[in-house]
Structures are given as structure tokens and as C-alpha cells.
Student: 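Here it is, the structure in full.
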Amino acid sequence: MLPTGEQFVLRCGDAEATVVEVGGGLRTHRVGDREVLDGYGPEEMAEAARGHVLAPWPNRLRDGVYTWDGEEHRTPVTEPERGTAIHGLVQFVPWRAVERAADGVVLEHLLFPRPGYPFTLRLRVAYALSADGLTVTTTATNEGTRALPYGEGHHPYVLAGPRLDDCTLVAPGATRIETDERALPTRAVPVEGTPYDLRAGRRIGDLVVDSCFADLGRGPDGRAEVRLLGPDGRGVAVWMDEHYGYLQLFTGDVLPEPRRRRGLAVEPMTCPPDAFGSGEAVRRLEPGESTTGTWGIRPLGGPARF
């Protein structure tokens with residue numbers, strides 16, 4: 001039995017992606033000989049949230065405590081060094097395949113009530129590989145009898161070269177959320193005039209990023225897009241629809257070698273860090289109500305091997 005359970009391999013043309021049973025996330029994605037993701041091997045666990053689905057909240061929750069409809073809830077603190085509950089409750093649980101095809105799979109997990117989150121939430125994630133890239137659609141449904149709080153994110157690490165320092169990053173956030181020593185939000189500030197203004201693109205160099213961005217610029221189709229380009233101009237784009245109003249970028253400086261500053265975590269999120277605590281952008285799902293969001297990955301330029 002592999003650490004991430006059953007492996008669902010999707011193929012379309014010369015593109016391939018591997019989705020896993022444990023956590024319902026992405027393990028690998030390549031186009032030809034080119035690795036699009038900084039993934040992990042079949043004998044490994046998904047460390048540093050690599051490829052994970054982040055629900056029913058993304059990022060950190062202060063002290064694992066929040067109040068919902070006048071009632072205080074306490075979830076397990078899963079990041080003890082910072083005293084936070086990080087990335088929700090479904091990272092290491094099994095998901096089941098409810099639809100399968102050569103180029104796609106739909107995974108589902110039913111999250112039953114538990115201490116700290118006494119709600120019944122059905123999560124369904126559909127992965128579809130096509131000539132346009134990989135598309136990921138997440139649907140959450142309240143299957144219980146009371147309203148529930150909901151937030152969601154995804155945690156792929158994308159590649160555009162051997163090291164991030166030599167890559168160019170273009171990202172749409174006009175506002176950056178500053179954090180304290182616990183990586184919890186303190187205030188939102190404009191990026192204009194700072195090293196974190198990535199809207200026109202800049203060489204990453206020695207820039208350290210582990211920040212959430214808001215006020216995302218979008219195209220006519222409503223999508224926000226991050227582009228990571230290697231020294232040869234080829235790279236990868238991560239796009240997200242209006243469901244995702246926040247974006248976390250992480251250059252991986254605290255990761256051990258050889259992962260350190262190799263892949264860039266590009267995390268579409270529906271709400272900011274500590275959203276259950278602040279209430280900001282938390283989606284209220286009434287009994288029977290659903291919400292759906294879509295994001296995707298597409299390679300830029302021709303094949304490259306790293």
C-alpha cells in the first residue's frame with residue numbers, strides 16, 4: 001500500500017497527471033519530458049502540503065479557535081510551533097473515485113461532524129486533463145441540518161527552472177497581507193512601491209515570499225493568473241476563477257534541500273489566513289447549499305527538462 005493510496009493517472013496527448021487517494025490532491029504533472037509540478041514520488045508522503053486540497057479552511061487558524069453563530073469551536077492545533085490549525089481537515093484522509101476516465105477523475109470525501117467542526121460537508125474535486133492544460137473544479141455541499149462555515153484552497157508547487165532565483169514571477173495581487181511571527185495576518189497593505197509588486201513581473205532573485213495577496217487583477221474572462229517563467233522564457237501559468245479571491249505565494253525558503261527554492265507554491269484560496277477567526281470572506285453554506293470554484297495549470301512555451 002503506497003503512502004498516498006491509489007494512484008489515478010490521467011493522460012491526454014503527451015500530458016500526464018497523477019491524482020492520489022489520500023488527500024485527493026495532485027502528486028505529479030508533466031507535459032512530454034517537462035515536469036510542470038515539483039511533485040513527489042510514489043513512495044513518499046505529501047510533505048509541506050504538496051498538492052493538497054485545503055478545506056474546510058485554507059492556511060492558518062489562530063489557536064485553532066473560532067466562533068460560528070455565537071458558539072465557540074476548538075479544532076486540533078496541527079502546527080504546534082506556531083499554535084495554529086493549518087490547512088483544514090482533509091489532507092490525510094482517503095477520498096473515493098466517483099467518476100473515472102482516461103483523461104479525468106472525480107474524487108469525493110464526506111467530512112462528518114467532529115470536535116471543532118460539527119458539520120457535515122461533502123467535498124468533490126474533479127480533475128480534467130486536456131490540450132489546454134489541467135483543470136480542477138471543487139464543489140462543496142452542506143449535507144447537514146445547520147449552516148456551516150466554509151473556505152478552500154489548493155497547494156501545487158510549480159516549476160519553471162532548476163531554481164526559483166533565476167525565474168521571473170508575474171502575479172496579480174494589488175494588496176499584500178502582512179503577518180506576524182506566527183504567520184498570522186496583521187494588516188493589508190498596497191504592494192505598489194514594494195518588492196512584492198509582481199503585477200508587471202520581476203526576477204525573483206533573492207526575494208523571499210510567503211504571503212497572501214488580495215485585490216487580484218483579472219482578465220475579461222474573470223480569471224486571475226500567475227505566471228512563472230524560466231530563464232528561457234518557458235514556464236507555467238496557474239489561473240483561478242472569481243471563486244478564489246485570494247492567492248498565497250510561497251518560495252519555499254524554510255524547506256530542506258533539495259526542495260528549498262526549487263518550486264513555487266501557488267495557492268488559490270477563497271479566503272485569507274485566519275478567516276474563520278476574522279470572518280473575512282468565509283462562505284456560509286445553508287443546509288443543502290453548494291458552492292463551486294475552478295482553477296487550472298497550463299504550461300507556457302515548449303518542452304523543457306529540469
Side-chain angles (χ1 to χ4, degrees), residues 23-25 49 52-80 82-95 107-125 137-155 175 177-180 182-188 212-216 240-248 267-295:
H52 276 164
V53 180
L54 317 176
W57 69 86
N59 215 286
R60 293 173 173 87
L61 173 59
R62 185 188 307 270
D63 303 323
V65 178
Y66 66 99
T67 299
W68 180 252
D69 284 351
E71 182 180 351
E72 184 180 89
H73 300 284
R74 292 181 175 271
T75 70
V77 170
T78 52
E79 191 184 35
R82 285 175 167 158
T84 69
I86 188 168
H87 292 330
L89 300 169
V90 297
Q91 289 179 271
F92 295 101
V93 300
W95 295 57
L107 299 183
E108 184 176 275
H109 179 75
L110 183 58
L111 183 64
F112 285 100
R114 64 192 60 209
Y117 195 77
F119 313 102
T120 306
L121 177 68
R122 187 180 302 277
L123 295 165
R124 180 173 284 211
V125 182
T137 301
T138 303
T139 300
T141 303
N142 183 352
E143 299 284 8
T145 59
R146 57 188 295 196
L148 62 78
Y150 176 72
E152 170 233 320
H154 296 260
H155 208 300
T175 301
I177 299 175
E178 293 185 341
T179 56
D180 60 16
R182 297 172 65 189
L184 291 166
T186 54
R187 63 172 185 160
C212 178
F213 295 82
D215 298 320
L216 307 182
M240 58 213 74
D241 69 10
E242 295 102 324
H243 184 74
Y244 301 99
Y246 300 83
L247 167 69
Q248 183 85 13
E267 307 166 45
M269 304 194 307
T270 65
C271 55
D274 197 31
F276 275 22
S278 68
E280 183 176 347
V282 174
R283 179 67 189 269
R284 182 183 183 91
L285 290 182
E286 299 292 342
E289 188 178 5
S290 296
T291 183
T292 298
T294 302
W295 65 279

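Reckoned from all heavy atoms, side chains included, excluding hydrogens, waters and symmetry mates. All figures in this text were calculated on a predicted structure; none of them were measured in a lab.
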Student: Tell me the closest heavy-atom pair linking Pro118 and Gly116, and the distance in Å.
Tutor: CD-C, 3.7 Å
Student: Distance alone, cut at 3.5 Å: any donor-acceptor contact between the side chains of Thr138 and His243?
Tutor: no
Student: Return yes if some donor-acceptor pair links the side-chain N/O of Tyr244 with the main-chain N/O of Glu267 below 3.5 Å, else return no.
Tutor: no
Student: Can you measure from OG1 (Thr291) to CZ (Arg284) and round to the nearest 0.5 angstrom?
Tutor: 14.5 Å
Student: Looking at CZ of Phe213 and OG1 of Thr175, how far apart are the two atoms once the value is rounded to the nearest 0.5 Å?
Tutor: 10.0 Å
Student: In the structure I gave you, are the side-chain heavy atoms of Leu61 and Thr84 within less than 4.5 Å of one another anywhere?
Tutor: no
Student: What distance separates Ile86 CD1 from Gln91 CD, expressed to the nearest 0.5 Å?
Tutor: 7.5 Å
Student: With a 6.0 Å cut-off on ring centres, are His52 and His87 close enough?
Tutor: no
Student: Could you report the tightest heavy-atom contact between Gly151 and Thr270, atom names first, then the distance?
Tutor: CA-OG1, 3.3 Å
Student: Quick one: list whatever passes salt bridge (charged side-chain N to carboxylate O under 4.0 Å, His left out) with Glu242, sequence neighbours left out.
Tutor: none
Student: Do the side chain of Asp274 and the main chain of Arg62 share a donor and acceptor less than 3.5 angstrom apart?
Tutor: yes
Student: What's the spacing between Leu148 CG and Asn142 CG if we round to 0.5 Å?
Tutor: 4.0 Å
Student: Does the side chain of Asn59 come within less than 4.5 Å of Trp57's, by heavy atoms?
Tutor: no
Student: Does Leu216 reach the side chain of Tyr246, with side-chain heavy atoms less than 4.5 Å apart?
Tutor: no
Student: List for me each residue that meets salt bridge (charged side-chain N to carboxylate O under 4.0 Å, His left out) alongside Glu143, sequence neighbours excluded, and say none if there are none.
Tutor: Arg122
Student: List in chain and number order the residues that pass salt bridge (charged side-chain N to carboxylate O under 4.0 Å, His left out) with Arg182, two or more places apart in sequence or in another chain; answer none if no residue qualifies.
Tutor: Asp63
Student: So, Thr75 side chain and Gly64 main chain: donor-acceptor pair closer than 3.5 Å or not?
Tutor: yes
Student: Determine whether the side chains of Glu289 and Tyr150 contain a donor N or O and an acceptor N or O closer than 3.5 Å.
Tutor: no
Student: If only atom types and distance count, is the side chain of Thr186 paired as donor or acceptor with the main-chain N or O of Glu178 below 3.5 Å?
Tutor: yes
Student: Looking at CG of Leu121 and CG of Leu285, how far apart are the two atoms once the value is rounded to the nearest 0.5 Å?
Tutor: 7.0 Å
Student: Search all heavy atoms of Pro76 against all heavy atoms of Pro115 and return the closest pair with its distance.
Tutor: CD-O, 4.4 Å
Student: List the atom of Pro273, the atom of Pro185, and the distance in Å for their closest heavy-atom pair.
Tutor: O-CG, 3.5 Å
Student: Excluding sequence neighbours, so at least two apart, what forms salt bridge (charged side-chain N to carboxylate O under 4.0 Å, His left out) with Asp180?
Tutor: none
Student: With a 4.5 Å cut-off on side-chain heavy atoms, are Val282 and Tyr66 touching?
Tutor: no
Student: Would you say Met269 and Leu247 make side-chain contact, with heavy atoms under 4.5 Å?
Tutor: no
Student: Taking all heavy atoms of Pro56 and all of Phe276, pick out the closest pair and write down the distance.
Tutor: O-CZ, 3.3 Å
Student: Where is the tightest heavy-atom contact between Ala281 and Cys271, given as atom of each residue plus distance?
Tutor: O-CB, 3.7 Å
Student: Quick check against the 3.5 Å criterion: does Gln248 have a side-chain atom that pairs as donor or acceptor with the backbone of Cys212?
Tutor: yes
Student: To the nearest 0.5 Å, how far apart are CD1 in Ile177 and CZ in Arg187?
Tutor: 12.5 Å
Student: For His109 and Leu89, run side-chain contact (heavy atoms from CB on, under 4.5 Å): C-alpha distance rounded to whole Å, both residues' side-chain angles, the deciding distance at 0.1 Å, then the answer.
Tutor: CA-CA 11 Å; His109 179 75; Leu89 300 169; over 6 Å; no
Student: If a pair satisfies salt bridge (charged side-chain N to carboxylate O under 4.0 Å, His left out) and one of its residues is in residues 85-95, list it, with sequence neighbours excluded.
Tutor: none
Student: Parallel, tilted or perpendicular: which one describes the rings of Trp68 and Phe119, with boundaries at 30° and 60°?
Tutor: perpendicular
Student: Under the criterion side-chain contact (heavy atoms from CB on, under 4.5 Å), I'd like the reasoning laid out for Val53 against His154: C-alpha separation, chi angles, the key distance, then a yes or no.
Tutor: CA-CA 5 Å; Val53 180; His154 296 260; 4.1 Å; yes
Student: Could you tell me which residues satisfy side chain to side chain donor-acceptor pair (under 3.5 Å) with Ser278, sequence neighbours excluded, listed by chain and number?
Tutor: none
